[in-house]
Amino acid sequence: MTGLLGSLSIALSLVGSIWLVGAVALWVGAPDELVAATFVVGLVTGIVEWRGREARN
């Protein structure tokens with residue numbers, strides 16, 4: 001991820017991995033609540049990192 005700040009790269013990797021876990025859980029037939037929770041956690045993590053980065057600048 002050339003050109004991105006370190007914290008943003010870490011956040012994108014974290015959110016991507018959480019979404020991947022959610023997609024795999026959906027694919028293998030995990031309960032819908034678990035899948036929805038992983039997507040929400042990924043989304044909230046990304047927003048928190050984005051807002052935290054804006055606050056520092």
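Just the heavy atoms: all of them, side chains too, but no hydrogens, waters or symmetry mates, feed the values below.
In this structure, the side-chain contact (heavy atoms from CB on, under 4.5 Å) partners of A30, at least two apart in sequence or on a different chain, are A25, L34, V35. With sequence neighbours excluded, the residues that form a side-chain contact (heavy atoms from CB on, under 4.5 Å) with V40 are V44. Judged as a side-chain contact (heavy atoms from CB on, under 4.5 Å), and not counting sequence neighbours, the contacts of L14 are S17, I18, T45.
Clustering of Ile, Leu, Val, Met, Phe, Trp and Tyr side chains at separations under 4.5 Å places I47 together with L43.
Each of V21 and V15 belongs to its own hydrophobic cluster when Ile, Leu, Val, Met, Phe, Trp and Tyr are linked at side-chain heavy-atom distances under 4.5 angstrom.
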